[in-house]
There are 2 protein chains.
Amino acid sequence: MTDDIKTGLTAPQTIEAFSSRLADLSQGLPKRLRQCADHVAANLDRIAVSTVADLAAGADVPPSAVMRFCQIMGFAGFSDMQRLFRDAYAPALPDYATRLANLRGGARGGAGRLLAEFVEAGRLSLEGLTTAVDEKALERAVSVLSGAGVVHVMGLRRAYPVASYLAYVFEKMSVPAMLHEGAGRLDHRHAIRPGDAVLAISFAPYSEETLALVADARARNLPVVALTDHKASPLARMADPVLTVQEVDFGAFRSLSATLTMAIALAVAVGTARGTQG
Amino acid sequence: MTDDIKTGLTAPQTIEAFSSRLADLSQGLPKRLRQCADHVAANLDRIAVSTVADLAAGADVPPSAVMRFCQIMGFAGFSDMQRLFRDAYAPALPDYATRLANLRGGARGGAGRLLAEFVEAGRLSLEGLTTAVDEKALERAVSVLSGAGVVHVMGLRRAYPVASYLAYVFEKMSVPAMLHEGAGRLDHRHAIRPGDAVLAISFAPYSEETLALVADARARNLPVVALTDHKASPLARMADPVLTVQEVDFGAFRSLSATLTMAIALAVAVGTARGTQG
DNA sequence: TAGCAGATGGAATAAATATTCCAAATCCAA
DNA sequence: TTGGATTTGGAATATTTATTCCATCTGCTA
């Protein structure tokens, strides 16, 4: 082999760069490497979850051919190449825990740095919101809530700011709503009448009080809309339209950016739906 | 172990089945296994590209706990469980800009569109936060609050979710704090003692109750940290470290993304400052 | 508080997986 | 064809990753 530039010294840093290098190379490649290139090009999205052996079998070449392929693409080896695809798919979660540990240990860096981290977590959460949103569920939630008599909002602990914000927006938009906060251990569930609906917000670990209110509403056949962290949460199992929101957590702490954004969108949608039809 | 039914004999064959078994189990699980369950539930989409060690680190448990978790879920081991997710692996989604565009375009006027707009507003607000932040003021706020006896948090209306969130985080971090909410027209200002500090949150139009509390504290020479919308607000004029946050508004509504992000950063900074020095 | 069942962490081991290396095969130019 | 350069396959090795096992710890019941 001549000292060709094609043994690129620099590995592609993005999927685009990868694809474009792939296109450049695939012409002048010997048979086996060409097979690799073709197979990889046709299965870009499976690289993240494949092994060398999988790829080799798919391309009908021995594993060592796949290794050579990775190297002429500029990577140190298959693992190195795979990392590109894994990272692209799962944006940096793992080092958040360590970052917080650093902040705690070092103490310097201060509040400004901490703020920057939370801003980043918030941005990621918002991005995630656009990918993960279940539009069907969202539309259904809007229609359930805008058809209800009174909307009963409940959320405690970390979900309480969300609940109180929803109550605020509903009030501003003249949507009849009631915030159940469990203050003074008072139980207002008798205030829930036929025709009403419940909007429950809860994240792990789920507050018993919220679950109890939902169970109660469910027993009376009232519709329950849930805003929670995942589809398998105890809350989700009792609710019908289930809206899930994933917050990127930063150490032990989660911002509420995505959750509140979902909340305001829901509330405003309900408000306008009621306004235009009533 | 007894021949419990909970060691499900059949492994889930689909992601749905997996989620639902997860929900069934997660109630009566010991601590470490519960941590695994929660972390897995919140990161379902990363299982396909994770290793046991990754998951263990994320859930903050030793690898062996993850193995036990896989087994009680009915799988032979981690690899067996991972296969389910690898087979169902859906390739990385198009990038953020595209998704947002889709969401915006889809279902004219629908809730999805609203959500897209609020997401965008939130992101812009967060961007603004990093550029506009007054680090000096932030550092000062941290030092004032971490030196205080009790932190008295007050914010009403739109600022109330922020105040309640701050109270929540302070509690989690063992920072003595009190949330003044004006419920029942009760006035708790006598609870503010020398050595304490006030953290007031208010946006236009500024709540009288908040301003009154601040004026009172000021008259008694107690430090007041303000979180508000601009430096010339009535609140800002009475407070010393003033933190300002601009939210990008969409229509008549503002999200709270930037404000809450600032709030959590502040609270965590105060919590860690107290932790390390006390 | 003693005794027990279950839970836990970590070290030891097993298995899977990536990676290297080199002898053999192939190709190409004279 | 022959020599030299390139490509190829697979066996050997290194590395990472999963899995098991057991001593210790914890929380509970009696």
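Reminder, nothing fancy here: chain letters follow the sequence lines and each chain counts from 1. Only heavy atoms go into these numbers, but all of them, side chains included; no hydrogens, no water, no symmetry mates. Remember, predicted model here, so these are calculated numbers, not experimental data.
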From C/dA18, C/dT8, D/dA18, nucleotide with atom closest to A/Met67 side chain: C/dA18
D/dT20 OP1/OP2 closer than 4.0 Å to side-chain N/O of B/Gln71: yes
Of B/Arg68 and A/Ala53, the one whose closest DNA chain C nucleotide lies more 5': B/Arg68
Candidates C/dT8, D/dT7, D/dT19 - which lies nearest the side chain of A/Pro30: D/dT7
Among D/dT8, C/dT8, C/dT19, the one nearest A/Arg32 by side-chain distance: D/dT8
Check: B/Phe75 main-chain N/O paired with B/Asp80 side-chain donor or acceptor under 3.5 Å: no
Phosphate OP1/OP2 of C/dT17 contacted by A/Ser79 side-chain N/O (<4.0 Å): no
Other residues, nucleotides, ligands: >12 heavy atoms within 6.0 Å of A/Arg218 CZ: yes
Spacing between A/Phe78 atom CZ and D/dT16 atom P, to the nearest angstrom: 15 Å
Length of the line joining A/Leu29:CG and D/dT6:C1', which is rounded to integer Å: 13 Å
For atom CG of A/Asp54 and atom C1' of C/dT17, their distance in whole Å: 10 Å
Residue A/Ser64, side-chain atoms from C-beta onward, closest of D/dT19, D/dG9, C/dG9: D/dG9
Neighbour count >12 (heavy atoms, 6.0 Å) for atom CG, A/Asp60: no
Nearest listed nucleotide, side chain of A/Thr51, among C/dG9, D/dT8, C/dT17: C/dT17
Interatomic distance where CG belongs to A/Asp80 and C1' belongs to C/dT17 [whole Å]: 16 Å
Where A/Gly122 and A/Ser257 come nearest, the two heavy atoms and their spacing: CA-OG, 4.1 Å
